[in-house]
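Before any comments, here is the structure.
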There are 2 protein chains.
Amino acid sequence: MAGSPAPVAFRPIHTRRAFEEICDRIREQLARGALKPGDKLPPERDLAQQLGVSRNVLREALRSLEMAGVLRLQKGVKGGAFVQEGDTSRMNVVMRDMLSLGTISIRELSEARVQVLDLVVRLACANARQADFEALQANVERTELFTREGRLLERVECAREFYKLLGLACGNKVIAMITDAVTEIHMRFVYAKVASSGVAMTRLGERRRQFLAALRERNVAAAARLMRNHLGAVQKMLEQDPGAMSLQIALAEINSGMK
Amino acid sequence: MAGSPAPVAFRPIHTRRAFEEICDRIREQLARGALKPGDKLPPERDLAQQLGVSRNVLREALRSLEMAGVLRLQKGVKGGAFVQEGDTSRMNVVMRDMLSLGTISIRELSEARVQVLDLVVRLACANARQADFEALQANVERTELFTREGRLLERVECAREFYKLLGLACGNKVIAMITDAVTEIHMRFVYAKVASSGVAMTRLGERRRQFLAALRERNVAAAARLMRNHLGAVQKMLEQDPGAMSLQIALAEINSGMK
DNA sequence: GATTATTAAATGGATCACCCATTCAATGGA
DNA sequence: TCCATTGAATGGGTGATCCATTTAATAATC
């Protein structure tokens, strides 16, 4: 009667809970440099008392930070909560969750991967160093070994590593992290496809050799073209025999810790 | 004596703990589609009994998943643990942690941002739709409003939104997520710089208008050039008067929930 | 004396039994 | 019809207690 509800959308208030406060305080210490990788937090019993909370609540916070890759909890005397080196694979977990929740689609992920890899190839051409070439070379040789011996599933793992090395060859860990994030799940699909159908990419070693040669010559146009073609071929392989794979099945395998 | 320690490096085994198992099981249900956004998990007391663990341990798992953006816990009768829509800002948190832990540097983040935005501009030129242009247009107008009224800090928030909209204009949520992740922290630095020194970008509205015009014409070369120049100018602004800003200060502000 | 077994303390892992605060539907009175 | 009250469901939080693992100190054995 006296006016309809206002059209503004109110976001629900998250009542501030103890464990959130604790997480933030610890992150704050990390940000200001008071805590660094390798450092140890006080024992749970002490820290709980310092913060004025129960041990249970403190543990909820520590667990959350452990899941976030910030802490590592270790038992025993001389154990404790240690600040970890940053775990770059946390971004993969986020990507996986987004996919599981339907926030992003496998199609969007694949498209993004193509674009990111195009960028990565250009950057790698510009920035790759001798050590990067050697690591990629060794990877290609392992790929060919697995091909010869018919160890196709191991070859898929090898392929994932190839893209990881390529990301690192850009000389920028942020780019490397993004590259791995958009690649990991894709390779899980490939793995599941190969495992279920037995089909796999033909002439993979040859393709890799050509690509690496272009990279070594810092021939951006050639390297980018080869990568584009390769990704297209892989996509075609994945899409043939439709219905043999489903998002649910592949994701379920991913989460059941296939690796 | 009888041989030095083997050169192989053993990674420490993470003894499988109950809360990890629980997290995995819930994520597995998400992956197989048995749980979808909006769904409610059983009450803590029930679920704990079903899983055969104590309520405290279950809560550690639920809290971790809440921190990961997968669940939302709500009090009261009719409350419970609800599966959330995917929270794309979780990637920002990962990026922040990596910076705090020193795994990535602010320099790497800035470089990655330049590269990612170059890609974004190209994609936005190709894929942006009328609604995207309109949202960007509205953003530019707000930018000009804030400029006229000297509300510089609000203008920075507006700028962050600009890049967010640009990411969305690519028509790919993965790209949009990445764009936001590499932009958020950068804008925090800009915010801190503006707040501390009062200096700010000159002719920002004009630059935005030019860029948006190029985007509307789908003129990739022009749009990319304008973006590149702009990012360079911003970088120069940030670097002048060195020492006025530090990573620690900016990160501390970020973590104390400036937003 | 060197090696090996034992012991004890520190610390995270987990459980149980409570109590509080919030939320919302049902109830009942004005 | 409307509003106040009440009570049950549910997450938020506490404290005490025990277990399992790890390490160092100690004792026993060769």
Side-chain angles (χ1 to χ4, degrees), chain A residues 1-3 5 10-26 35 38-84, chain B residues 1-5 10-26 35 37-84:
Chain A
M1 328 279 169
F10 285 98
R11 285 185 312 168
I13 293 180
H14 275 85
T15 59
R16 191 113 188 115
R17 286 156 302 173
F19 91 104
E20 290 179 296
E21 187 76 30
I22 297 169
C23 283
D24 283 357
R25 295 233 195 145
I26 292 176
L35 282 174
D39 288 355
K40 192 177 94 164
L41 267 56
E44 292 182 353
R45 292 163 176 83
D46 294 3
L47 190 49
Q49 195 170 22
Q50 282 181 41
L51 292 167
V53 297
S54 74
R55 205 182 142 209
N56 284 326
V57 167
L58 172 65
R59 287 175 51 106
E60 288 172 9
L62 294 181
R63 250 66 197 273
S64 295
L65 290 172
E66 188 179 22
M67 271 292 179
V70 172
L71 298 179
R72 190 186 82 248
L73 273 58
Q74 202 163 317
K75 269 197 292 194
V77 60
K78 294 294 172 187
F82 295 86
V83 179
Q84 278 207 295
Chain B
M1 332 282 170
S4 52
F10 286 98
R11 284 185 312 167
I13 293 180
H14 278 90
T15 59
R16 190 115 189 115
R17 287 156 301 175
F19 91 103
E20 290 178 296
E21 188 75 32
I22 297 170
C23 283
D24 283 357
R25 294 233 196 145
I26 292 176
L35 281 174
D39 287 355
K40 191 175 97 164
L41 267 56
E44 291 182 355
R45 291 163 176 84
D46 293 3
L47 189 50
Q49 195 171 22
Q50 283 181 41
L51 292 167
V53 297
S54 74
R55 201 181 145 211
N56 284 331
V57 167
L58 173 64
R59 296 189 52 180
E60 288 172 9
L62 294 181
R63 250 68 197 273
S64 295
L65 290 172
E66 187 179 22
M67 271 294 182
V70 173
L71 297 179
R72 191 184 81 249
L73 273 58
Q74 202 164 318
K75 268 196 293 194
V77 59
K78 295 292 172 192
F82 296 86
V83 179
Q84 278 207 293

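Reminder, nothing fancy here: chain letters follow the sequence lines and each chain counts from 1.
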For atom CZ of Arg59(B) and atom P of dC16(C), their distance in whole Å: 16 Å
Picking from dA14(C), dA9(D), dG12(D), the nucleotide nearest the side-chain atoms of Ala18(B) would be dA14(C)
Can you find an N or O donor on one side and an acceptor on the other, under 3.5 Å apart, linking the side chain of Arg45(A) with the base of dG15(D)? no
From C-beta outward on Asn56(B), which listed nucleotide comes closest to its side chain: dA14(C), dT14(D), dA8(D)? dT14(D)
pair Arg25(A)-Leu51(A): side-chain heavy atoms closer than 4.5 Å: yes
What nucleotide among dA16(D), dG13(C), dG11(D) has an atom nearest to a side-chain atom of Arg17(B)? dG13(C)
Less than 4.5 Å apart, any side-chain heavy atom of Arg17(B) and any of Leu73(A)? yes
Quick note, Val57(A) side chain, CB onward, closest among dT14(D), dT23(C), dG12(C) is dT14(D)
Lys78(A) or Ser54(A): which one's nearest nucleotide on DNA chain D is closer to the 5' end? Ser54(A)
Are any of the side-chain heavy atoms of Leu47(B) and Val53(B) separated by less than 4.5 Å? no
Could you tell me the separation between the CD atom of Glu44(B) and the P atom of dT15(C), rounded to a whole number of Å? 14 Å
Atom-pair distance (CG on Leu58(A); P on dA14(C)), nearest Å: 15 Å
Tell me whether the OP1 or OP2 atom of dT14(D) has a side-chain N or O from Arg55(A) closer than 4.0 Å. no
Interatomic distance where CZ belongs to Arg72(B) and C1' belongs to dT22(C) [whole Å]: 15 Å
Which of the following nucleotides, dT22(C), dT11(C), dT15(C), is nearest to the side chain of Lys75(B)? dT22(C)
Check the surroundings of atom CD in Glu21(A): do more than 12 heavy atoms from other residues, nucleotides or ligands lie under 6.0 Å from it? yes
Nearest-Å distance, CD (Gln49(B)) to P (dC16(C))? 10 Å
Looking at Arg16(A) and dG12(D), is any side-chain donor or acceptor paired with a base atom of the opposite kind under 3.5 Å? no
With the side chain counted from C-beta on, respond yes when Ile22(B) and Leu65(B) share a heavy-atom pair under 4.5 Å apart, and no when they do not. no
Atom-pair distance (CD1 on Ile22(A); P on dG12(D)), nearest Å: 13 Å
Closest nucleotide of DNA chain D for Gly76(A) versus for Phe19(A): which of these residues is on the 5' side? Phe19(A)
Mind calculating the distance between CG (Leu51(B)) and C1' (dA14(C)) to the nearest angstrom? 14 Å
Using whole Å, what does the distance between atom P of nucleotide dT11(C) and atom CD of Glu66(A) come to? 17 Å
